[in-house]
Amino acid sequence: MIEPNIDPKLLKPYDPKETEDRIYKLWEESGFFNPDVCIEKGIADKNAETFSMVLPPPNVTGTLHLGHAATLTIEDIMIRFARMQGKRTLWLPGTDHAAIATQSKVEKILEKEEGKRKTDLGREEFLKRVEKFAQESHDTIVSQSKKMGASLDWSREAYTLDAKRNFAVRTAFKKMYDDEIIYRGHRIVNWDPKGQTVISDDEIVYEERKAKFYTFKYSSDFPISISTTRPETKVGDVAVAVNPTDERYKDYVGKTYVIENFCGVKLEIKIIADEVVEKEFGTGALGVTPAHSQIDAEIAMRHNLPTKQVINEFAKMTVGDERILGKKTTEARLAIVEWLQSEGLLEKEEEVIQNISTAERTGGIIEPLPKLQWFINVNKPIKERGNKSLKELMLEAVQSKNINIIPDRFEKVYYNWILNLRDWCISRQIWYGHRIPVWYKDEEIYCGIEAPSEEGWSQDEDTLDTWFSSGLWTFSTLGWPDSNAPDFQTYHPTNMLETAYDIIFFWVARMILMSTYILGVVPFKNVYLHGLVRDPQGRKMSKSLGNSLDPLELTSKYGTDSVRMSLIIGTGPGNDSKMSEDKIRAYKNYANKLWNITRFVLSSTENFKYEESFPSYTERENILIKEIDELIKEITKEMEEYKFYLVGEKIYQYTWSRFADIIIEESKEIFLNGTDVDKNSRAQFLLSTLVKILKILHPFMPFVTEEIWGIIPIENKKLLMVEKWPK
RNA sequence: GCGCGAUUAGCUCAGUUGGUAGAGCAACUCAUUUACACUGAGAAGGUCGGGGGUUCAAGUCCCUCAUCGCGCACCA
């Protein structure tokens with residue numbers, strides 16, 4: 001039955017392996033990922049509405065996982081849709097140096113493969129190793145992104161740590177320094193003994209663990225008992241705080257007690273009254289350790305108490321005798337408990353569930369330590385911005401609806417974060433990252449975009465929190481600090497920021513902070529937050545669980561289009577989704593179905609020439625045309641509302657249950673027994689509807705649709721990716 | 001402690017402004033070389049987590065409880 005001049009490819013099942021790389025190359029060579037080329041070639045109008053978006057830059061810590069694949073798919077759908085609507089469309093790729101994450105990864109490799117530490121190599125040599133690793137990760141990421149079909153404008157690719165971004169970082173830092181938004185301060189910070197660096201509040205992950213809650217007295221003649229889960233810090237106590245209204249301890253307030261020998265350490269404890277102490281908690285008395293607790297430091301400040309550091313950067317004790325000196329905190333804890341017991345001072349030992357602070361990237365247990373660090377002041381009024389603080393600017397951007405968050409329930413999450421926000425610690429004691437643009441000479445400090453020209457200045461050793469540079473991303477990638485840069489003028493603020501909801505604080509909020517402060521405008525008009533991709537049991541995919549699916553493996557097994565479809569369908573904004581191979585398989589069958597539909601349509605319409613506006617449809621076809629056109633109208637609206645999960649499913653439904661099962665089936669009868677008028681009308685309908693299906697399906701399944709488009713006999717056709725979205 | 005989300009067919013999820021419960025996958029029955037077995041036709045499957053309320057009408061709105069998950073805060 002099949003005519004010999006049908007493309008022979010159609011005679012076999014659809015083969016994504018043979019197709020995908022070839023199609024991607026075709027797209028890349030066309031240059032249409034680049035909006036400038038689209039304008040040059042008459043695809044998009046210079047004055048057309050813009051649609052711009054930055055890709056959340058993946059960390060150069062290794063390879064892409066399914067979460068990245070989901071991001072790439074959702075964003076590619078947005079971009080391809082906008083491009084087909086004739087918008088001036090830019091999707092900008094890049095990667096993130098992910099300072100701590102990348103450095104600790106390389107440190108691990110170095111330790112494992114060569115048994116060396118970074119200090120064995122020295123800063124310069126170690127950084128070379130990190131850069132090599134980063135480059136390799138980058139290359140993998142780029143090739144994986146292409147594999148996913150992402151229509152990113154590679155000519156504009158950026159890196160958070162390249163020269164242009166470094167210039168932007170230095171410029172931003174200098175402005176903030178001059179405005180006194182950035183300051184250097186001595187405070188209790190989150191020290192990660194494992195990563196040997198300070199981290200911000202947001203980089204802490206809380207883990208529930210069992211702990212012992214000890215109640216004891218410093219000495220037998222001390223009048224008040226206190227409780228703690230960390231007895232080892234008690235050698236750094238300078239006071240006991242009670243609630244001012246607590247009758248039990250009223251008489252002691254103001255007195256100072258000297259304990260000559262607390263496990264070998266001399267303590268001077270003053271009894272003070274402070275509102276923050278809860279009468280009901282523990283004994284209602286709090287041992288104040290200013291050097292190793294945020295709250296205690298605040299109490300100490302109010303009461304003018306000294307700070308006594310007893311733990312160092314390696315989480316080891318710096319005071320006492322051989323029982324604790326130089327010991328790890330966990331060992332010192334046992335030693336002190338043992339001593340308390342032997343002295344008869346220990347009154348109670350309870351088991352409690354405690355939230356322990358760990359470092360997000362290294363897993364190290366956070367040790368609060370007093371340190372001199374750089375901070376961003378989130379409360380200082382900024383003259384240039386109507387005397388509003390960063391907190392207020394961030395709040396206003398969303399409250400004013402200048403930024404629209406989808407789904408909107410995340411607005412509340414965002415407001416709550418701002419409410420609890422404290423000054424952002426931005427300095428890190430690691431080597432990989434943007435060096436702080438501050439120089440010291442004796443007592444002098446100099447902050448500048450470039451190093452001071454005179455001799456004798458030495459630069460701050462620290463680097464910046466990786467999110468500092470990510471915060472500038474929407475504009476540092478578009479030519480800023482040159483505010484006349486054409487890209488910056490055309491594409492900023494960006495239209496859309498699409499990312500997973502788990503980096504709303506790290507990234508989304510920081511971009512809003514940087515943009516509203518530095519530029520006075522929002523970085524993006526819309527935020528679309530997607531959920532996390534989980535395994536069939538709903539668990540987070542992780543290497544240690546061994547349940548993570550490799551996107552590359554999946555795409556080579558089932559084809560990229562099927563993987564994309566399964567990542568989209570059943571995935572509403574903000575909701576986590578479950579991924580299984582069964583689901584992907586279903587969409588592999590769908591791609592093949594479409595392939596066979598094409599085979600049928602082309603082989604049965606061979607003697608008919610496709611006419612874009614066919615004048616003489618019969619009544620039956622007019623009804624069918626109305627049906628598909630109404631569907632297109634409906635899904636176009638839903639595309640504009642970002643309901644991709646809905647659209648994907650509707651197109652699937654229509655092509656399979658309607659077009660293939662009903663329309664094609666009845667066509668067989670028409671082609672066999674119908675009049676010439678009926679046959680002609682049907683043939684035109686089949687061809688024109690296939691064209692419509694290919695167009696609306698293209699953003700979802702770009703490879704198979706482009707491949708079929710190439711086979712269909714239509715005159716003067718462009719690539720499907722730049723065809724106009726049907727109306 | 002504060003807040004958010006989920007709970008609908010065996011599984012995964014839709015269900016727009018309230019108007020007769022939907023899809024995919026799986027399982028079941030039939031068809032057997034068809035554009036396509038990566039198939040077609042058919043049937044089956046649900047007191048929409050429990051309870052209460054508003055309404056002519058509630059999966060949908062309100063209250064409440066339960067279970068699961070998440071975020072933030074606390075963590076002496």
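Reckoned from all heavy atoms, side chains included, excluding hydrogens, waters and symmetry mates.
Contacts of A:E275 classified as side chain to side chain contact (heavy atoms under 4.5 Å, CB included), with partners at least two apart in sequence or in another chain: A:P244. Looking at residues two or more places apart in sequence or on another chain, you find a side chain to side chain donor-acceptor pair (under 3.5 Å) between A:S219 and A:D221. Under the rule for a ring pair (Phe, Tyr, Trp, His ring centres under 6.0 Å), A:Y645 has no partner lying at least two apart in sequence or in another chain. Scored by the ring pair (Phe, Tyr, Trp, His ring centres under 6.0 Å) test, A:Y214 finds no partners at all (sequence neighbours excluded). With sequence neighbours excluded, no residue forms a ring pair (Phe, Tyr, Trp, His ring centres under 6.0 Å) with A:F659. Checked against ring pair (Phe, Tyr, Trp, His ring centres under 6.0 Å), A:W424 has no partners two or more places apart in sequence or in another chain.
The two residues A:A291 and A:I188 make their nearest non-hydrogen contact at O-CD1, 3.3 Å. The two atoms that bring A:P290 and A:A297 nearest to each other are O-CB, 3.5 Å, heavy atoms only. Shortest non-hydrogen contact noted between A:V310 and A:T233 is CG2-O, 4.3 Å. For the pair A:I224 and A:A285, the tightest heavy-atom approach, listed with the atom from each and the gap, is CG2-CB, 3.4 Å.
For the pair A:E208 CD and B:G1 P, the interatomic distance rounds to 13 Å; values are reported in whole Å. B:G71 atom P lies 12 Å from atom CD of A:E207, rounded to whole Å. Summarising the geometry, the separation between OH on A:Y206 and P on B:C70 is reported as 17 Å, rounded to the nearest angstrom. In this structure, A:L686 places its CG atom 11 Å from C1' of B:A35, rounding to the nearest Å. In this structure, A:E298 atom CD and B:C74 atom C1' are separated by 13 Å, rounded to whole Å.
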Contact letters for nucleotides 28-34 of chain B, in which S counts primed atoms plus P, OP1 and OP2 and B counts the base, heavy atoms under 4.0 Å: -------
Sugar-phosphate or base contact per nucleotide [nucleotides 6-19 of chain B; S, B, -; heavy atom under 4.0 Å]: ------SSS-----
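Atom name C1', nucleotides B:A66 and B:A23: the rounded distance is 29 Å, in whole Å. Across the P atoms, B:C68 and B:G52 are found 24 Å apart, a figure rounded to whole Å. Nucleotides B:G24 and B:A44, compared at atom P, are 15 Å apart to the nearest Å. Using P as the reference atom, B:C61 and B:G5 are 11 Å apart when rounded to the nearest Å. Remark: the separation of the C1' atoms in B:U55 and B:C63 is 16 Å, to the nearest Å. With both ends at atom C1', the span from B:A57 to B:U17 equals 15 Å, rounded to whole Å. Here the separation of B:A58 from B:G51, taken at their C1' atoms, is 15 Å to the nearest Å. Taking atom C1' in both B:A41 and B:U34, the straight-line distance is 13 Å, to the nearest Å.
Distance from the side chain of A:N420 is smallest for B:A73 among the nucleotides B:C74, B:A73, B:A23. In this structure, the nucleotide among B:A73, B:C25, B:A35 sitting nearest to the side chain of A:I664 is B:A35.
Near RNA chain B, meaning a heavy atom under 4.0 Å away, the residues from residues 406-418 of chain A are A:R409, A:K412, A:N416.
Using a 4.0 Å heavy-atom cutoff across all strands shown, A:V601 reaches no nucleic acid atom at all. Note on A:Y652: only backbone sugar-phosphate atoms sit closer than 4.0 angstrom, heavy atoms only; bases stay farther off. Among the heavy atoms of the strands lying under 4.0 Å from A:I295 are primed sugar atoms or P, OP1, OP2 only; no base atom is included. Nucleic acid contact for A:E641: none, since no nucleic acid atom lies under 4.0 Å from a heavy atom of the residue. Within the nucleic acid shown, A:T229 comes within 4.0 Å of sugar-phosphate atoms alone, with no base atom in reach, counting heavy atoms only.
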Might you list the N or O atoms of the protein lying below 3.5 Å from N or O atoms in nucleotides 37-43 of chain B, with each pair's distance?
unit_1	atom_1	unit_2	atom_2	d
B:C38	O4'	A:N589	OD1	3.0
B:U39	O3'	A:K593	NZ	3.2
B:G40	OP1	A:K593	NZ	3.2
B:G40	OP1	A:W656	NE1	2.3
B:G40	OP1	A:D661	OD1	3.4

Verdict with supporting geometry, A:T655 and A:Y590, side chain to side chain donor-acceptor pair (under 3.5 Å): CA-CA 9 Å; A:T655 19; A:Y590 177 57; 2.6 Å; yes
Worked check of side chain to side chain donor-acceptor pair (under 3.5 Å) between A:D202 and A:S200: CA-CA 5 Å; A:D202 293 285; A:S200 67; 4.6 Å; no
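Other residues, nucleotides and ligands contribute over 12 non-hydrogen atoms within 6.0 Å of the CZ atom of A:F608.
No side-chain donor-acceptor contact under 3.5 Å links A:K212 to the backbone of A:E349.
Side-chain rings of A:Y587 and A:Y652 approach one another, their centers coming within less than 6.0 Å.
Pairs of Watson-Crick or G-U wobble type, with distances under 3.5 Å, assemble into runs of 3 or more in RNA chain B at these ranges: B:1-7 with B:66-72, B:10-13 with B:22-25, B:28-31 with B:39-42, B:49-53 with B:61-65.
A:R658 has its side chain out of reach of A:Q653: every pair of non-hydrogen atoms, C-beta onward, lies at least 4.5 Å apart.
Sequence neighbours left out, the pairs with a member in residues 554-573 of chain A that pass salt bridge (charged side-chain N to carboxylate O under 4.0 Å, His left out) are A:D76-A:R564, A:K557-A:E581.
Taking the six-membered ring where tryptophan is involved, the planes of A:F671 and A:F600 are tilted, since the angle between them lies from 30° to 60°.
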